[in-house]
Amino acid sequence: MIPLTEALQIVLDSARPLESERVDLADALDRVLAEDIPADMDMPPFDKATVDGYACRRAELAHTLAVIETIPAGVPPSKQIGPDQCAKIMTGAAMPQGANCVIMIEQTETVGDNAIRFTGEQTPDNIFRRAQDIRSGQVVLPRGSRIGPQHVAVLASVGHVRSLVARRPKVAILAGGDELVGPAVRPGPAQIRNSNSSQLVAQLAVMGIEARDCGMVKDVAAEIDRLLKAAIAENDVVLISGGVSVGDFDLVPGVLRQNDVRLLFEKMAVKPGKPTIFGLSRTGYCFGLPGNPVSTFVIFELLVKPFLYRLMGYDYSPVEVEVRLAEAVVRKDTERQSWVPAKLTSATTATPLEYHGSGHILALCEADGLIAMDIGRTSIEKGTPVRVRLL
Ligand code: AMP
Ligand code: MG
């Protein structure tokens, strides 16, 4: 039984980066950059007005100013501002030569047909300077960035319409167990519905990975062998849930070994999730996940997700918040590190959720995150500062 930190190190160290490919801007979301992205021009590319108003000279704010032209956004100014002159200017339009500030339209009044006067007491420049945000040539997004909507905006603004990104891993999902029926079926006596496959598909979808759901497999070595062989041959990563423990029908580890999968660990000192196995095939990776739905969920978060991101070249670190525990957590068995689902109950507190064991997936529906309780620890008292790893 190895601690999670060790298991995580093993899986991360085993991950060989996937090849890269070019994708259009419209397909860049959730991908990981395999190249640095430089800016092709300054941003903003010119000094621009940040308000609707009049571009003028600060030294002449007390004067009546003649309006010599109107400058809409998208049209270069055609005139230079001379003494006692100004130009009407729109937000985002380029500043005319000779002006050094923009007075807001709300702080002016018209004088005669074609002049204005400043009615305010003072004004900022109201100019957004060229290159204030980004300098031409600057790396705006480094390799290894995971592309979110805001990164897509940056790619668009620097004109990078085909980015080099890591290929997405091909991930197969298998659910093992004689008792399983599909979610659309009403289970017979002693049967249960397969929830792990749908859950894993969804956990992968959150990462932008479209899983290949290979269905359910009976606890029969030949069947597991046939499906695992195909899944290993056609995918980078195989996630099989169920059948990895020490019961008479937990046949997955043996079948993996028969298929030349080198198992690097077979038990983790983690609760839930002890019977988690990880192995390397000639071309890919296999995770055997515990059948219990909460275990599968938690182990995906703690181990599989960082691994898959590493394959894509992204250094994932979960977001954690530090709060105080609103109720004590107590346990007897301290052999493993346990991960307790918790709900953020105020800006400064988290409440551990009542949870009846690793089949109780409903408990996770209310959880905002997980709190770790270290090996050897029997309790965390109410009021103790704890870190909640957000889900
Ligand atoms: P196992 O790891 O095969 O011993 O399964 C542990 C527990 O998880 C048993 O109660 C199983 O019935 C349950 N289980 C296994 N696979 C699934 C699945 N795909 N969906 C929901 N529960 C499962
Ligand atoms: Mg089973």
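Please read all numbers here as calculations on a predicted model, not as lab measurements. Ligands are counted one by one from 1 in listed order, and the atoms in each one are counted from 1 as well.
Backbone and side-chain nitrogen or oxygen atoms of Glu179 are examined, and one is located within less than 3.5 angstrom of a nitrogen or oxygen of ligand 1. For the pair Gly291 and ligand 1, the shortest N or O to N or O distance falls below 3.5 Å. Residue Ser197 has no nitrogen or oxygen atom sitting less than 3.5 Å from a nitrogen or oxygen atom of ligand 1, judged on distance alone. Taking distance alone, with nitrogen or oxygen atoms compared against 3.5 Å, Ile192 stays at or beyond that limit from ligand 1.
Residue contact annotation: Asn194 has a non-hydrogen atom under 4.0 Å from ligand 1. Under a 4.0 Å heavy-atom criterion, Arg193 is in contact with ligand 1.
Nearest residue to atom 1 (P) of ligand 1 from Ala175, Gly359, Gly243, Gly177 is Gly243 (criterion: closest heavy atom).
Ion pairing between Arg22 and Glu35 holds under the 4.0 Å rule for side-chain N and carboxylate O. Taking the charged nitrogens against the carboxylate oxygens, Arg167 and Glu19 do have a contact shorter than 4.0 Å, which makes a salt bridge. Using a 4.0 Å cut-off between charged side-chain N and carboxylate O, Arg31 and Asp27 make no salt bridge. The pair Asp42-Arg135 fails the salt-bridge criterion, with no side-chain N (NZ, NE, NH1 or NH2) lying under 4.0 Å from an Asp/Glu carboxylate O.
The protein non-hydrogen atom at the shortest distance from atom 17 (C) of ligand 1 is Asn196 ND2, 3.3 Å.
Using the six-membered ring where Trp is involved, Tyr285 and Phe307 have ring planes that are perpendicular, over 60° apart on the 30 and 60° scheme.
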